[in-house]
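These numbers were taken from a predicted model, which means no experiment stands behind them.
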Protein chains: 2
Amino acid sequence: MTELGVDVLLLSVGADLPYLTGYEAMPLERLTMLVLPRDGDATLVVPRLEAPRVQERPEVFSLLAWDETDDPVGLVAKLVGSAGVAAIGDTTWARFLVDLVALLPSTEWRKGSEVTGPIRARKDAAEIVALRRASAAADRVATQLQSGEIPLVGRTEHEVSLDLGRRLVAEGHAKVNFAIVAAGENAASPHHEPGARVIRAGEVVLCDFGGTMPDGYCSDITRCVWTGGDPSSEMRDLYTVLQDAQAQAVDAAVVGTPCEDVDGVARRLITEGGYGPQFIHRTGHGIGLEAHEDPYLVGGNCERLAPGHAFSIEPGIYLAGRTGARIEDIVVATEAGPESLNQVTHDLVVVDA
Amino acid sequence: MTELGVDVLLLSVGADLPYLTGYEAMPLERLTMLVLPRDGDATLVVPRLEAPRVQERPEVFSLLAWDETDDPVGLVAKLVGSAGVAAIGDTTWARFLVDLVALLPSTEWRKGSEVTGPIRARKDAAEIVALRRASAAADRVATQLQSGEIPLVGRTEHEVSLDLGRRLVAEGHAKVNFAIVAAGENAASPHHEPGARVIRAGEVVLCDFGGTMPDGYCSDITRCVWTGGDPSSEMRDLYTVLQDAQAQAVDAAVVGTPCEDVDGVARRLITEGGYGPQFIHRTGHGIGLEAHEDPYLVGGNCERLAPGHAFSIEPGIYLAGRTGARIEDIVVATEAGPESLNQVTHDLVVVDA
């Protein structure tokens, strides 16, 4: 905070608060907010009815409970006082910032992630173990997908999505964050919403799924399968380019490399393969307590990879209205080189499911 | 917006956007934002990779897709232009408002709910049907609880919470929003996090659960049961006061009554019963596409109930470290009087489960 010129950090819903205090704010209209001055002690402002949920940690924060007819934003503003620069947690609800801006007109506002992002991005050994465990659980579901154990043909995308979710929980996740299932032409939509489309034989099924483990750490994996018979020549060609781009981007993720250069490797190979305009998203995002967090592997991000950075590498190629594919692993940058936490094959497995 | 002096409305994650457009923003770091000027046409700013998800509705909005290396907040700021007063959706992530405040230093910021809250609070006939269906689904789970069909004694709160969640889904919910299970002394914590505490015979179990139906409308119900034998005299006394307060607050929820007066009825009866300081939260919250929304039944809210207002009535009494109870129904204000959407008994049912 001193380096960044931030006088006070305000944290509410999201992962920053549990990361620093062990307490997670309920995502409701009653304000929970940690007020952490650069100089001085932290205060956790919580609704009175949620105070019994808080495990008190006097060495970390003191508790300030507010009653239903109190003005919690006014309490926070009083604690912020004359601080010139305040950073507020990225996922805090705007309604609270609107009120704070009105109450503190001379305060300059910054994003909380300027403070917390770089800290959270570098995982320690215990966090890497946790991410490895999450990826292994997702891998077990991916193995079930690739082995044909999960019925596909004749079911709707939505049914398969629910099935993947149940399997994520069965393999140890506490919560499913997403389970994209996109069949045939729907695979051209990177964030497709699984729907009533029935999966047919002889087409691609793109599955991108992940969840949160009981310890709070996330998984995220994408694999594509082909539902019987030989993949189309269009898909074979596209997939060969994609698989090579994904593998070489992983190899490029060595400590010291700028994030945008990893993106650049995947983009160059896909462009050389003839699919440049069809790779319509960045190569990856950080992962930890959130499914998406710093660092982002995207053009314009000059930040260099450091030991403990954990992120996805997930190039994709999308042929609008026809088909698409994506391959995604979670990777950790280590002094010994990039370590891929997902181990299941990258091949376009043909399943008879 | 004209009445409120709002020049432009900005909506991102949360229920306002699907309410107005049918499209729900993904809760991710890539900005989705509807820019709706008071005078002029609306634009939906979306990440390029999510554009295929959007069902285009040219009569409602035009689509503006941004690429990964674009600055989406800059695009929004350009669309806002010189608007003097901007209202931004309550649950929008603060990171976007921080950037907008910096880009638009002379704009005055207001909460989006000033515009959308009063509109969404008054449910039309189809919405009331949807809420009735959601409450009926929650009632079926409450009936399973009260009939003793759900095992309690010997299981942990956490296990019962998961069980309630599975039953909410089995009865038609698309998503579980919460399933509080608080046994014995934990019932004194209104928002207790269900944990490893094993439920014993001869104690209270407070269950507060709800979810979202496939059409987006929410349920929310609280019932308490006693796990065998006669309830303690302390609980019997407390519960008699609570049950009367809840019923009379429902009766008071007639069109034209200020919201705070409904809270006042429950509070007066609980205070007269000797438990005033132990009723540590408001009497209720609105419900619809969100589990908590306008109108709030709380001291200080002078807004009068109108036909179509839908809300919880849920007084509680909490004896710190010992026990507690809460009774909650969803109620709709109609010209013919308050209609309770939950039908299962309010009694403290003794279950042998």
Peer 1: Any heavy-atom pair between the side chains of Val98(B) and Leu97(A) that's under 4.5 Å?
Peer 2: yes
Peer 1: Distance check, rounded to the nearest 0.5 Å: Glu193(B) atom CD versus Met26(A) atom CE?
Peer 2: 7.0 Å
Peer 1: Just checking heavy atoms, which of residues 85-94 of chain A are less than 4.5 Å from chain B?
Peer 2: Ile88(A), Gly89(A), Asp90(A), Thr91(A), Thr92(A), Trp93(A), Ala94(A)
Peer 1: Is Phe178(B) close to chain A through its backbone or its side chain, or both, or neither, when contacts mean heavy atoms under 4.5 Å?
Peer 2: neither
Peer 1: Let me know if Asn186(A) has heavy atoms under 4.5 Å from chain B in its side chain, its backbone, both or neither.
Peer 2: neither
Peer 1: With a 4.5 angstrom heavy-atom cut-off, which part of Leu28(A) approaches chain B: side chain, backbone, both or neither?
Peer 2: side chain
Peer 1: Taking atom NE2 of His158(B) as the centre, report whether more than 12 heavy atoms of other residues, nucleotides or ligands fall under 6.0 Å from it.
Peer 2: no
Peer 1: Relative to chain B, which segment of Tyr296(A) carries a heavy atom at a distance below 4.5 Å: side chain, backbone, both, or neither?
Peer 2: side chain
Peer 1: I need the residue from Pro47(B), Gly300(B), Ala102(B), Pro52(B) with the largest number of non-hydrogen atom pairs under 4.5 Å to chain A.
Peer 2: Pro52(B)
Peer 1: What distance separates Thr69(B) OG1 from Asn301(A) CG, expressed to the nearest 0.5 Å?
Peer 2: 12.5 Å
Peer 1: Please identify each residue that fulfils side-chain contact (heavy atoms from CB on, under 4.5 Å) with Asp71(B), with sequence neighbours left out.
Peer 2: Val73(B)
Peer 1: At what distance, to the nearest 0.5 angstrom, does CD1 of Ile280(A) lie from CD of Glu50(B)?
Peer 2: 10.0 Å
Peer 1: Nearest 0.5 angstrom please: Glu68(B) CD to Thr283(A) OG1, how far?
Peer 2: 9.0 Å
Peer 1: Verify side-chain contact (heavy atoms from CB on, under 4.5 Å) between Arg30(B) and His285(A), making sure each step is shown before the conclusion.
Peer 2: CA-CA 11 Å; Arg30(B) 292 184 182 97; His285(A) 54 80; over 6 Å; no
Peer 1: Chain A: which of Glu293(B), Arg282(B), Lys111(B) shares the most heavy-atom pairs with it under 4.5 Å?
Peer 2: Arg282(B)
Peer 1: Should Ser189(A) and Arg53(B) count as side-chain neighbours, where that means a heavy-atom distance under 4.5 Å?
Peer 2: yes
Peer 1: In terms of heavy-atom pairs under 4.5 Å with chain A, which of Ser113(B), Pro190(B), Ser12(B) leads?
Peer 2: Pro190(B)
Peer 1: Going through the checks in order, is the side-chain contact (heavy atoms from CB on, under 4.5 Å) test met by Arg110(A) and Arg95(B)?
Peer 2: CA-CA 8 Å; Arg110(A) 303 259 286 273; Arg95(B) 59 180 289 165; over 6 Å; no
Peer 1: Check whether Glu29(A) gets within reach of chain B through its side chain, its backbone, both or neither, counting any heavy atom under 4.5 Å.
Peer 2: side chain
Peer 1: Is His281(B) in contact with chain A via its backbone, its side chain, both, or neither, using a 4.5 Å heavy-atom distance?
Peer 2: both
Peer 1: Looking at CG of Leu49(A) and CZ of Phe279(B), how far apart are the two atoms once the value is rounded to the nearest 0.5 Å?
Peer 2: 10.5 Å
